[in-house]
Amino acid sequence: MARLRVFPPDAAVVDWLIERQQRYVVGRGEQADCRVADKRVSREHLALDLDSLPWRVMDLGSKNGTRLDGRPVDSANLPDQCWISVGGVPARFERLDPARADRLRREQHHKHQVSQRMLARLSPDLAHDHLLDTTLNDFLALAECPRGGLFLRTEDKARRLVRARTLGENEGSQSVIDQVLMTGMAQVHGDVRREQAMAERESIVAGSIHALICVPLNVGDSTLGALYADSREPGKQFTALDLELMQRLARQAAFALALVRMREEILAMHQSLPRSLQEAEADVQLMHILERSSRGPDH
């Protein structure tokens with residue numbers, strides 16, 4: 001077995017376990033075995049030939065070329081561990097012994113199981129405050145981050161921090177949070193110090209942030225809010241699996257929050273209903289009195 005870890009900028013790490021000995025295509029196209037969504041990567045960029053020994057990497061006529069440990073290659077033997085540049089996007093290739101491969105598979109399976117239990121907890125039957133607490137706690141557990149917050153949009157489209165763990169009102173990357181609320185699309189940044197546009201932002205420098213993730217709370221076409229987490233741990237990365245599980249949790253939480261809001265609105269209407277009926281009854285009685293008065297004492 002082997003593992004290929006691709007590190008595209010401004011995106012989650014593509015963590016790909018290769019379990020069978022055959023030929024695999026890495027590229028941007030939909031038919032690629034390992035897809036890398038970066039414009040520098042060709043649709044079919046390179047092939048990993050693991051069908052026989054020695055294992056090889058072969059460039060497939062890509063526009064931006066393939067490099068193996070810094071050297072441009074058309075075709076070359078794959079060492080047990082190496083860095084591959086896929087058109088400028090760095091990737092780490094390593095051969096796995098059976099024990100480590102099994103451990104990685106079990107870790108991924110465990111993440112799925114934990115995620116399923118979290119989804120089952122996010123029920124609209126929870127009280128509103130309990131739902132907010134559970135959502136943020138579970139999100140930070142999946143992110144494996146000590147710091148984060150849950151933001152909700154107000155009626156005037158402003159953001160409001162409603163739950164936080166070691167995160168102040170104006171801490172974290174405010175521009176990322178605002179963009180997620182505006183676009184309804186997740187953002188992932190790993191090793192932000194290497195991303196010039198991110199590294200120069202005041203919130204990144206002041207907070208000593210090394211990695212961050214922010215996912216929207218979407219219901220249909222509406223964005224109710226966002227979940228945010230960041231890490232000061234050097235080398236922290238979020239994988240595509242992490243992002244997928246956190247987005248599932250965010251969708252379930254948004255659905256539950258929307259139902260809780262609807263239930264509270266219906267309850268408020270119900271509680272105001274008796275008074276409305278009394279006022280309506282009083283209006284009818286008043287109309288009868290005025291009608292009798294207009295007819296005079298003989299009537």
Side-chain angles (χ1 to χ4, degrees), residues 10-12 118-119 121-124 126-190 192-193 195 197-232 236 238 242-265 268:
D10 302 339
M118 289 176 173
L119 292 179
R121 282 201 295 265
L122 292 177
S123 167
L126 294 176
H128 186 260
D129 286 348
H130 189 189
L131 179 58
L132 295 177
D133 290 335
T134 302
T135 297
L136 179 60
N137 290 338
D138 286 352
F139 179 76
L140 293 180
L142 281 178
E144 297 180 346
C145 288
R147 191 171 88 143
L150 192 163
F151 296 82
L152 292 180
R153 297 184 78 176
T154 62
E155 291 184 0
D156 59 356
K157 304 300 183 183
R159 57 175 159 79
R160 181 166 62 94
L161 179 63
V162 295
R163 286 294 184 277
R165 186 188 297 173
T166 66
L167 184 75
E169 182 68 40
N170 295 311
E171 293 182 326
S173 180
Q174 304 298 305
S175 58
V176 166
I177 297 165
D178 287 339
Q179 191 167 2
V180 170
L181 290 172
M182 180 178 65
T183 63
M185 298 178 64
Q187 284 207 33
V188 182
H189 297 275
V192 295
R193 300 308 178 93
E195 299 177 28
M198 293 292 294
E200 294 175 351
R201 293 181 183 178
E202 183 179 349
S203 59
I204 300 296
V205 176
S208 300
I209 298 171
H210 283 270
L212 63 87
I213 186 166
C214 189
V215 300
L217 294 164
N218 288 338
V219 176
D221 296 330
S222 299
T223 300
L224 305 182
L227 285 160
Y228 171 90
D230 64 33
S231 174
R232 300 174 183 179
K236 171 69 176 176
F238 297 104
D242 295 330
L243 176 59
E244 177 188 347
L245 297 180
M246 283 186 269
Q247 286 180 312
R248 286 183 189 175
L249 183 140
R251 286 194 294 269
Q252 178 69 12
F255 176 72
L257 281 168
L259 288 182
V260 168
R261 282 185 179 181
M262 187 182 301
R263 185 179 64 203
E264 290 177 346
E265 290 172 1

Check whether any side-chain heavy atom of Gln252 sits under 4.5 Å from a side-chain heavy atom of Met118, and report yes or no. no
Would Leu249 and Leu122 count as a side-chain contact (heavy atoms from CB on, under 4.5 Å) here? Give the steps. CA-CA 8 Å; Leu249 183 140; Leu122 292 177; 3.8 Å; yes
Residue pair Lys236 / Cys145: nearest heavy atoms and the distance that separates them: CE-SG, 4.2 Å
Give, for atom CG of Leu136 and atom CG of Leu167, the distance between the pair rounded to the nearest 0.5 Å. 9.0 Å
Do Gln179 and Met185 come within less than 4.5 Å of each other through their side chains, counting heavy atoms only? no
Any side-chain heavy-atom pair of Val188 and Leu212 under 4.5 Å: no
Within-4.5 Å side-chain heavy-atom neighbours: Leu140 and Arg147: no
With sequence neighbours excluded, tell me which residues meet side-chain contact (heavy atoms from CB on, under 4.5 Å) with Asp221. none
Answer yes or no: is there a side-chain heavy-atom contact under 4.5 Å between Met246 and Phe238? yes
Distance (rounded to the nearest 0.5 Å) between Ile177 CD1 and Ser175 OG: 8.5 Å
Report the residues that fulfil side-chain hydrogen bond (donor to acceptor under 3.5 Å, both in side chains) with Arg251, sequence neighbours left out, ordered by chain and then residue number. none
For side-chain contact (heavy atoms from CB on, under 4.5 Å), just list the numbers for His189 and Asp10, CA-CA rounded to whole Å, side-chain angles, deciding distance to a tenth of an Å, and then say yes or no. CA-CA 5 Å; His189 297 275; Asp10 302 339; 3.3 Å; yes
Over all heavy atoms of both residues, which pair between Ala226 and Cys214 is shortest? Give the atoms and the distance, please. CB-SG, 4.0 Å
Measuring from atom CZ of Arg160 to atom CZ of Phe151, what distance do you get when rounded to the nearest 0.5 angstrom? 11.5 Å
How many angstroms lie between CG in Leu161 and CD in Gln174, if you round to the nearest 0.5 Å? 8.5 Å
Check Thr135, Thr134, Asp133 against Leu131 for a side-chain contact (heavy atoms from CB on, under 4.5 Å) and give me the one that passes. Thr135
Taking the side chain as everything from C-beta on, heavy atoms only, tell me whether Leu152 gets closer than 4.5 Å to Leu217. yes
Run the salt bridge (Lys or Arg N to Asp or Glu O under 4.0 Å) test against Arg248 and tell me which residues pass, sequence neighbours left out. Glu244
Side chains of Arg165 and Asn137: does their closest heavy-atom pair fall under 4.5 Å? yes
Sequence neighbours excluded, the answer for side-chain hydrogen bond (donor to acceptor under 3.5 Å, both in side chains) partners of Arg261 is none
Min side-chain heavy-atom separation Val215-Leu243 under 4.5 Å: yes
Sequence neighbours excluded, which residues qualify as salt bridge (Lys or Arg N to Asp or Glu O under 4.0 Å) partners of Asp129? Arg163
With Arg153, which residues qualify under side-chain contact (heavy atoms from CB on, under 4.5 Å), at least two apart? Lys157, Leu181, Thr223
Taking atom CG of Leu257 and atom NE2 of His128, what is their separation to the nearest 0.5 Å? 5.5 Å
Identified side-chain contact (heavy atoms from CB on, under 4.5 Å) partner of Phe139 from the options Leu150, Leu227, Leu245: Leu227
